[in-house]
Amino acid sequence: MNNWREYRHPLWVFLLASIASRWPTFFNYLDKDEGTYIAIAQELNAGAQLYLDIMDLKPPLGLWIFQWMEAIFDERIYLYRLLLSILIGLMAWMIFQIQDQLGGSRKAAWLSGLLFIFLHYFQFAMTFNFEYLMNFFTLLGVLIYVSSKNKFLAGLFLGLSFCVKYLCLLDFLALIFLMFYESRKKNGRKILFSLFSAGAGFILPFFVVNLYFAYQGLWEEFKFVTYIAPGNYSSETTFLEKLQFIFDFHITHLLYFILFYLVLFTKGVTATQKWFYSTWFLATLIATQMTGQQFKHYLLQVMPALSLMAGAVADSEVKWLFGISHKWRDQINPSLKAQTLVALLFLAAGIFNYFDHFVEKEPLRNVANYLDNNMNKSDRIYAANCCAYLYSKCDRRPLNEYVHGSLLVRDVHIRTLDIDVEKELLQIQQAQPEYVVLKNEYRWPEFRQFLEDEYTLVLNARKGYRILQKKAIKR
């Protein structure tokens, strides 16, 4: 398949399948990270300066994209989730094309795209994290390379991905490996020119970002977050804990890894596919462990390579395990197949996401509903160590530049950003928020004492979520 007309049908199938499988998420509450990004976006749209008035460890492009989305979507969560479903469908379509361009059969391309969609059924994949934006730009860059061999443009999109999350550097190295592998029989000058073109494209977006902050007079703030703070960072996990994390990943995604290793150790799939997919998988798996944080949404970076390798099983020696007989296949109407697939996805999504929306998110709904029903317009809130989504949900501004509650609680963040915790907590106390939202106990004894003296418990929700309200002044 080499033209748009032949790729058009898979595009609509993947978009429909993605939306059908994720529709219940349109009504879920904001995740802590997602809520933080929207709260930061609100501040940026209100005139705050990134890394000066509002602080986060992330590169700027993802936050700017959320800023644009917040300006359009406001707090209508269903629009964020609909856009995410469309992005996942588009990424599945790009995976379909990558498999096809690298020599896979039509069956392998379809299977890879559908497996990619099914991979996002897991709870950590339900909400809009930066990994989705990173994967979108990464897949677009890889697709451009395998379809047109345009090294500069491929590098450019990987560079945009790098400006969303710096860990995309490992994806870029995997693409460089593919360029080396395919150019191994060419002369050294051509190989060097290819690497120079890809490298120039990759560096360009980040170079422009540096120039932007210098032009805005925010170079020192950007330099600290980008070049100095990472040097303050040290991992909180041991080598054994990292191995445990990878082992758990294999167990929770066992079916995919069975297919992955069947392809890796059997014949039938081209050497280019095997080498590239396995190298890309290994590179991204290493990327998930580089920060030393055990957050499951980091695994989203691995999903494209895992889907491509697992889907290639349709071309391997064991493809008979996953097929149906020609007699049965020919008797089923193609339109009926598609309708049945969408119906099953729609039903499965409703059942699977029931637990996330009505069970897992119940405490968050209770907290938000209480505040909606009891807050006055002038009341301020402080999401102490959880629930940053409340700032956007309740249309309230954060009390300081550290929107994500963990930045003032976890040693790794305090050390990395060189935060004066005592000063920040004093600023929060002076702000006199009417409500403080906590999950379990707050870490710092002085602030716990302040809460005990000045506040009273008004809501004790499941999973340790609590709302404290400022005590009335006795006259």
Side-chain angles (χ1 to χ4, degrees), residues 1-26 78-79 81-122 125-126 128 132-133 135-140 142-144 146-147 253 255-256 259 263 273 277 300 303-315 319 321-326 328-353:
M1 296 190 307
N2 293 310
N3 57 61
W4 156 249
R5 184 170 296 177
E6 289 179 290
Y7 282 129
R8 185 173 54 190
H9 174 65
L11 170 62
W12 298 119
V13 172
F14 288 128
L15 285 174
L16 185 59
S18 179
I19 293 171
S21 66
R22 299 180 65 82
W23 65 269
T25 68
F26 296 178
Y78 63 91
L79 292 179
R81 302 291 173 78
L82 174 61
L83 177 59
L84 177 57
S85 299
I86 292 171
L87 281 179
I88 290 173
L90 288 173
M91 286 189 282
W93 182 55
M94 287 189 276
I95 282 173
F96 177 95
Q97 294 179 72
I98 291 168
Q99 189 76 277
D100 177 70
Q101 293 288 342
L102 288 177
S105 68
R106 183 73 65 88
K107 286 183 183 178
W110 276 109
L111 184 57
S112 296
L114 290 173
L115 286 176
F116 181 79
I117 290 175
F118 296 150
L119 270 171
H120 296 86
Y121 261 37
F122 291 84
M126 293 297 167
F128 210 140
Y132 287 112
L133 298 173
N135 283 347
F136 178 79
F137 289 125
T138 297
L139 282 167
L140 193 51
V142 172
L143 177 59
I144 287 170
V146 300
S147 60
H253 296 73
L255 174 60
Y256 286 82
L259 304 183
V263 172
Q273 289 172 284
Y277 300 160
L300 293 171
M303 301 312 185
L306 179 58
S307 302
L308 284 162
M309 184 70 117
V313 75
D315 295 332
K319 59 186 177 183
L321 290 172
F322 309 96
I324 59 176
S325 71
H326 289 284
W328 286 11
R329 186 174 62 218
D330 294 339
Q331 290 176 355
I332 302 175
N333 184 283
S335 177
L336 180 61
K337 288 183 190 178
Q339 293 171 19
T340 302
L341 173 63
V342 171
L344 289 174
L345 286 171
F346 198 83
L347 179 63
I351 296 171
F352 186 84
N353 287 292

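Note that the structure is a prediction, hence the values are computed from the model and not measured. In this chain, residues are counted from 1 in sequence order. Computed from heavy atoms alone, side chains included, the values below leave out hydrogens, waters and symmetry copies.
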Undergrad: So do Y256 and M309 actually touch side chain to side chain, heavy atoms under 4.5 Å?
TA: no
Undergrad: Which distance, rounded to the nearest 0.5 Å, do you find between the CD of Q97 and the CD1 of I95?
TA: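 Here the rounded value is 11.0 Å.
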Undergrad: Once you round to the nearest 0.5 Å, how far does CG of L84 lie from CZ of R22?
TA: 4.5 Å
Undergrad: Checking the side chain of S18 only, and the main-chain atoms of L15 only, is there a donor and an acceptor separated by less than 3.5 Å?
TA: no
Undergrad: Would you mind writing out the side-chain donor-acceptor pairs for residues 111-119 within the sub-3.5 Å range, not counting sequence neighbours?
TA:
unit_1 : atom_1 : unit_2 : atom_2 : d
S112   : OG     : Q99    : NE2    : 2.7
S112   : OG     : A108   : O      : 2.9
S112   : OG     : S307   : O      : 3.4

Undergrad: Indicate the ring-plane relationship of W110 and F14, choosing parallel, tilted or perpendicular according to the 30° and 60° boundaries.
TA: tilted
Undergrad: Do you know the tightest heavy-atom contact between S147 and L143?
TA: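 Shortest heavy-atom contact: OG-O, 2.6 Å.
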Undergrad: Within the distance-only criterion (no hydrogens, no angle test), does the side chain of N135 pair as donor or acceptor with the backbone N or O of L300 below 3.5 angstrom?
TA: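 Flag set: sc N135 to bb L300 pair under 3.5 Å.
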Undergrad: Who passes side-chain contact (heavy atoms from CB on, under 4.5 Å) against L102, sequence neighbours left out?
TA: I98, V146, E182, T272, Q273, F276, Y277
Undergrad: About how many Å separate CZ of F136 and CG of L90, when rounded to the nearest 0.5 Å?
TA: 5.5 Å
Undergrad: What distance separates I86 CD1 from M91 CE, expressed to the nearest 0.5 Å?
TA: 11.5 Å
Undergrad: What residues form a ring pair (Phe, Tyr, Trp, His ring centres under 6.0 Å) with F128, not counting sequence neighbours?
TA: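 Testing F128 for ring pair (Phe, Tyr, Trp, His ring centres under 6.0 Å), a comparison that skips the adjacent residues, returns F66.
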Undergrad: Of all residues at least two apart in sequence or in a different chain, which pass the side chain to side chain donor-acceptor pair (under 3.5 Å) check with S105?
TA: D315
Undergrad: Drop me the distance from M94's CE to L87's CG, to the nearest 0.5 angstrom.
TA: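 Interatomic distance, M94 CE to L87 CG, rounded to 0.5 Å: 8.0 Å.
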Undergrad: If you define the side chain from C-beta out and look only at heavy atoms, does anything of R106 sit under 4.5 Å from F96?
TA: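 Yes, their side chains come closer than 4.5 Å.
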